[in-house]
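Numbers here simply count residues along the sequence, with the first being 1.
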Amino acid sequence: MQLDWTTFILEILNFLVLVWILKRFLYRPVLDLLATRQQKLSDAAEHAQKMCEEAEALRLQYESRLADWQRECENNRRQLHEELALTRTREMDNLKKALAAEEEKLRARNEKLLASRESVLARSAVDKAYEQAAAMLNRMASPQLTQKIVDIFLEDLAALNETDQSALRKAAASLSADSLAAVVSAHPLDQDLQAAIRKALSGAAGQDIDLDSAFSEDPSLIAGIRTIVGECQMHANLADELAFFKRQANHAK
């Protein structure tokens, strides 16, 4: 078999032309298409990577915010518990104070009621004692007792202190038709005793006091006398003494 160089050369030329045509019109577009698709894939991968990174950043941000929210919730819960405990303590203190105040008011009210009751009982006891004493003294009353009280009155009149004597003299100096002197006794006084009273009063008053028609009797005095010189009154009788002690006892209650 002989080699036909012409045919061989033509085949080579045909092959080279085919290769050039394929490279020119097929291989290069395919390469360009592959390059374009590779670029798109690369861009897509880059975009996907970026999205993954953004998603990771969002996840971390969410976890951070979630942790912050949980811490804030915990702080709010703790603060709420503290405020509730403080409010409970404050309300308990207020309640204790209110109860103490009410207890104090109740105690004061009870003490007031007790004091009022005691005062009523004391007044009742004083009144009863006064009635019993008055009844007993009425049984003991006699002209002799009145005379003894008058004797004591005359002794006290002679020993008046300067203040009482000055008041008596001032009252005696201001005697007029509307302001007279009077001596009221529980029992009738004899002439000698009336004269002694007139003399003692005139001496203590520093001037003569007219008592000619000034003597009278009042059995309610029980025993003793009541002497009136103008605005000045001198009590030397059991009724006035009992009334004085009754007033003192009631005032003390």
Side-chain angles (χ1 to χ4, degrees), residues 7-133 163 242-253:
T7 302
F8 179 73
I9 293 170
L10 289 174
E11 290 293 337
I12 291 175
L13 289 175
N14 287 335
F15 178 75
L16 292 175
V17 170
L18 180 61
V19 170
W20 181 82
I21 290 173
L22 291 175
K23 184 179 180 181
R24 179 70 179 176
F25 296 102
L26 181 62
Y27 182 68
R28 185 175 296 275
V30 171
L31 290 177
D32 293 339
L33 180 61
L34 291 175
T36 302
R37 291 194 62 184
Q38 183 68 31
Q39 183 64 37
K40 288 182 178 181
L41 291 174
S42 179
D43 293 341
E46 184 177 355
H47 181 67
Q49 180 65 28
K50 186 176 181 181
M51 291 184 66
C52 289
E53 292 176 354
E54 291 178 355
E56 181 66 18
L58 289 175
R59 185 184 65 80
L60 294 176
Q61 184 179 5
Y62 169 76
E63 291 179 353
S64 176
R65 290 184 179 179
L66 181 61
D68 294 339
W69 179 78
Q70 290 177 347
R71 284 193 299 270
E72 184 177 357
C73 289
E74 184 64 27
N75 292 334
N76 291 336
R77 187 183 301 108
R78 184 171 59 254
Q79 184 177 0
L80 179 60
H81 288 167
E82 293 175 356
E83 291 178 355
L84 288 176
L86 182 60
T87 302
R88 184 165 53 250
T89 302
R90 184 166 55 249
E91 292 299 326
M92 287 296 295
D93 292 340
N94 293 336
L95 181 59
K96 290 179 180 179
K97 291 179 180 178
L99 290 176
E102 289 298 325
E103 184 179 358
E104 181 64 22
K105 289 180 181 179
L106 181 61
R107 185 184 64 80
R109 186 160 53 248
N110 290 338
E111 289 181 354
K112 186 176 180 180
L113 292 174
L114 182 61
S116 177
R117 180 61 178 171
E118 290 178 351
S119 178
V120 171
L121 293 176
R123 289 192 183 96
S124 177
V126 169
D127 293 341
K128 187 174 182 179
Y130 174 80
E131 293 174 358
Q132 292 177 350
T163 301
L242 279 175
F244 172 77
F245 284 113
K246 181 181 180 181
R247 289 194 301 271
Q248 291 295 108
N250 288 332
H251 180 71
K253 297 296 184 294

Check: [Y] and [X] side chains under 4.5 Å, non-hydrogen atoms:
| X | Y | result |
| --- | --- | --- |
| Lys96 | Leu99 | no |
| Arg77 | Leu80 | no |
| Leu106 | Arg109 | yes |
| Leu86 | Glu82 | no |

Got a second to check how far [X]'s [atom1] is from [Y]'s [atom2], nearest 0.5 Å?
| X | Y | atom1 | atom2 | result |
| --- | --- | --- | --- | --- |
| Lys40 | His47 | NZ | NE2 | 15.0 Å |
| Glu83 | Arg78 | CD | CZ | 12.0 Å |
| Thr36 | Gln38 | OG1 | CD | 10.5 Å |

Look at atom CZ of Arg65 and say whether more than 12 heavy atoms of other residues, nucleotides or ligands are closer to it than 6.0 Å.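 For Arg65, atom CZ is not crowded (no more than 12 foreign heavy atoms under 6.0 Å).
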Does atom CD (Gln70) have a neighbourhood of more than 12 heavy atoms from anything else shown, all under 6.0 Å? yes
Using 4.0 Å as the upper bound for N to carboxylate O, is an ion pair formed by [Y] and [X]?
| X | Y | answer |
| --- | --- | --- |
| Arg59 | Glu63 | yes |
| Glu46 | Lys50 | no |
| Arg88 | Glu91 | no |

Any donor-acceptor pair under 3.5 Å linking the side chain of Ser64 with the backbone of Leu60? no
Pair Glu111-Arg107, salt bridge (charged side-chain N to carboxylate O under 4.0 Å, His left out): steps then yes or no: CA-CA 6 Å; Glu111 289 181 354; Arg107 185 184 64 80; 2.3 Å; yes
Have Gln79 and Asn75 got a donor and an acceptor in their side chains that come within less than 3.5 Å?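 There is no such pair between these side chains.
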